[in-house]
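Each remark here refers to the structure printed beneath this line.
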Amino acid sequence: MSSDMAAPGVTHRAGAVLGFLFGRRTWLSAGHLVLAPWWALLTAFTAVAGLAASLVTLPLLLLGVPVFVITGDLLITAARTEATWLRRLFGVDIRISPRTAPSGASMLGDARTLLTDSGFWQLVAYNVVRLPLAWLTLVVPLFSIGFGYLLVHESLRMMFTENPRPELAFLVTADQIRINGPLCLVLGSTLVLAAPVLWRAFSKVHIGLAQLLLRGSKVHELTERVGELEVSRAATVDSVEAERRRIERDLHDGAQQRLVSLAMTLGRARSKKDNDPDGASELLEQAHNEAKEAITELRDLVRGLHPPVLADRGLDAALSGLAARSPVPVTVRYDVPDRPPKTIEAIAYFMVAEALTNIARHADASRVTVGVERSGVVLRITVRDNGSGGAVVRPGHGLAGLADRASGVDGTLAVDSPNGGPTTLTMELPCES
């Protein structure tokens with residue numbers, strides 16, 4: 001019985017090893033290491049040649065100034081391209097700090113900005129240092145594969161034939177291979193299998209160097225962060241103002257009209273109470289129904305502001321309530337062990353509520369799945385439906401309001417909705433507790 005239980009564990013470990021050696025990440029790393037030297041050669045040549053040309057041509061009517069600025073623009077564009085490449089290949093987010101020269105500044109102003117920008121000189125250093133590193137990380141795995149293959153090939157040939165060939169005479173003699181055949185076979189196999197490990201390790205070295213030198217100076221990071229916060233604050237203010245107008249509209253067109261009708265009905269009932277008791281009774285019954293409908297509308301409005309169940313029992317119970325009231329069947333998968341902060345819970349709730357409302361009105365869907373999970377300090381909310389698709393974020397519409405709510409707390413909203421469906425909304429919110 002113990003051997004039967006051990007077999008799946010051994011199989012799982014063997015599969016994990018094979019996945020590590022020959023999985024998708026390994027081949028992506030290999031492809032990156034093959035392309036990196038040529039890209040590094042191009043960017044390093046641009047950096048060195050551009051800076052040298054700008055220095056040489058500087059006395060010629062300041063011709064070196066535009067050459068220097070163009071060189072800087074090319075290097076910054078190349079860095080952004082490389083950051084996009086690393087993000088798509090390995091999921092690494094490297095934010096390239098932009099130049100801080102104001103829009104419309106003179107060429108001399110741009111050049112002065114680059115000269116005083118430590119992030120730019122880090123970028124130059126990155127392109128120079130990365131060139132030999134890229135070639136080294138390409139050659140070492142290739143040598144490991146090539147030499148390991150020759151060792152394996154010669155070991156097998158010398159073990160089973162008597163026709164030595166001096167293919168490895170520059171390193172290992174035929175007699176040594178014949179005598180130490182099994183050892184050379186093991187060594188060669190190890191060298192071949194070491195190549196995938198080297199590919200993954202060297203790709204991490206490339207990523208680490210990029211993260212170290214491409215991020216730019218702390219001043220630029222803080223400047224960019226301040227700009228993002230200003231935009232986020234403005235978007236949050238606009239979102240709150242739009243929400244206030246919606247509440248006023250709902251009160252005016254819904255509950256207020258209902259209460260006006262109730263008052264008129266009660267007034268008619270009072271005027272008939274003496275000469276038409278039966279008519280007054282009917283009007284009172286009508287007024288009673290209108291009062292209940294007004295209470296329902298007010299309750300729904302208050303629930304839309306902040307449902308009591310969200311404060312009392314948390315996001316899981318509140319989402320279950322939304323799913324129960326949705327006209328489209330909803331499945332909720334909630335996998336968050338600890339309650340998020342109240343602000344994050346409220347934003348997540350409104351995101352799902354707005355999404356379900358839009359789906360019921362526009363998506364023509366028959367099934368919705370809501371998933372909530374926590375990964376580290378990020379709360380990820382996913383709403384997926386099988387509707388007609390075509391949802392886009394347009395200013396002034398519901399999805400734009402959700403994006404503004406998310407950005408107000410440094411969150412993000414991603415919309416994937418091709419024509420024909422399905423539609424997936426993914427909101428990621430910071431969840432530090």
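Hydrogens, waters and symmetry mates play no part in the numbers below; they use all other heavy atoms, side chains included.
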inquiry  = For Leu115, is there any backbone N or O sitting under 3.5 Å from a side-chain donor or acceptor partner on Trp121?
reply    = yes
For residues 26-53, the salt bridge (charged side-chain N to carboxylate O under 4.0 Å, His left out) pairs (sequence neighbours left out) are none
Between Gly148 and Val192 the two heavy atoms that sit nearest each other are C-CG2, 3.7 Å
Sequence neighbours excluded, the answer for side-chain contact (heavy atoms from CB on, under 4.5 Å) partners of Thr137 is Leu33, Leu133, Phe202, His206
Taking every heavy atom of Leu138 against every heavy atom of Pro141, the minimum-distance pair comes out as O-CD, 3.5 Å
Rounded to the nearest 0.5 Å, the CZ atom of Arg367 sits from the CD1 atom of Ile359 at a distance of 11.5 Å
Looking only at heavy atoms, the pair that brings Ala355 and Val383 closest together is CB-CG1, 4.0 Å
(Q) Tell me if a side-chain donor or acceptor on Ser144 pairs with a main-chain N or O of Val140 at a distance below 3.5 Å. (A) no
Going through the checks in order, is the side chain to side chain contact (heavy atoms under 4.5 Å, CB included) test met by Thr382 and Val370? CA-CA 6 Å; Thr382 305; Val370 177; over 6 Å; no
- For Ser388 and Asp364, does a side-chain donor sit closer than 3.5 Å to a side-chain acceptor? no
Next item on the list: Taking the side chain as every heavy atom from C-beta outward, state whether Leu214 and Leu123 have any pair of such atoms under 4.5 Å apart.
Entry: yes
Rounded to the nearest 0.5 angstrom, the CG-CD distance for Leu319 and Glu345 is 9.0 Å
task = For the residue pair Asp385 and Val328, establish whether any side-chain heavy-atom pair is separated by less than 4.5 Å.
result = no
Distance col, row Ile94:CD1 vs Ile207:CD1, nearest 0.5 angstrom, shows 7.0 Å
Do the non-hydrogen side-chain atoms of Val372 and Val352 ever get within less than 4.5 Å of each other?
no
Thr43 versus Glu82: any side-chain heavy-atom pair under 4.5 Å? no
Closest non-hydrogen atoms of Ser366 and Pro329, given as atom of the first, atom of the second and distance, are O-CD, 3.6 Å
*asked:* I want to check something: taking the side chain as every heavy atom from C-beta on, are Leu315 and Val336 in contact at a cut-off of under 4.5 Å?
replied: no
**Asked** Would you say the side chain of Asp416 lies within less than 4.5 Å of the side chain of Thr426, judging by non-hydrogen atoms?
**Response** no
dist Arg333:CZ -> Asp316:CG (nearest 0.5 Å) comes out at 13.5 Å
If we only count heavy atoms from C-beta on, is the Asp73 to Val69 side-chain gap below 4.5 Å?
yes
Here the gap from Ile344 atom CD1 to Met351 atom CE, rounded to the nearest 0.5 Å, amounts to 13.0 Å
Taking CH2 in Trp38 as the centre, count heavy atoms belonging to other residues, nucleotides or ligands within less than 6.0 Å. Is the count above 12? no
In terms of heavy-atom contacts, Ala360 and Pro327 come closest through CB-CG, 3.6 Å
Validation: residues 84-91 side-chain donor-acceptor distances under 3.5 Å, sequence neighbours left out:
{"from": "Thr84", "atom 1": "OG1", "to": "Arg80", "atom 2": "O", "distance (Å)": "3.0"}
{"from": "Trp85", "atom 1": "NE1", "to": "His32", "atom 2": "ND1", "distance (Å)": "2.9"}

In terms of heavy-atom contacts, Leu429 and Ala348 come closest through CD1-N, 4.1 Å
dist Arg374:CZ -> Leu379:CG (nearest 0.5 Å) comes out at 7.5 Å
Do Thr71 and Phe68 touch side chain to side chain, with heavy atoms closer than 4.5 Å? no
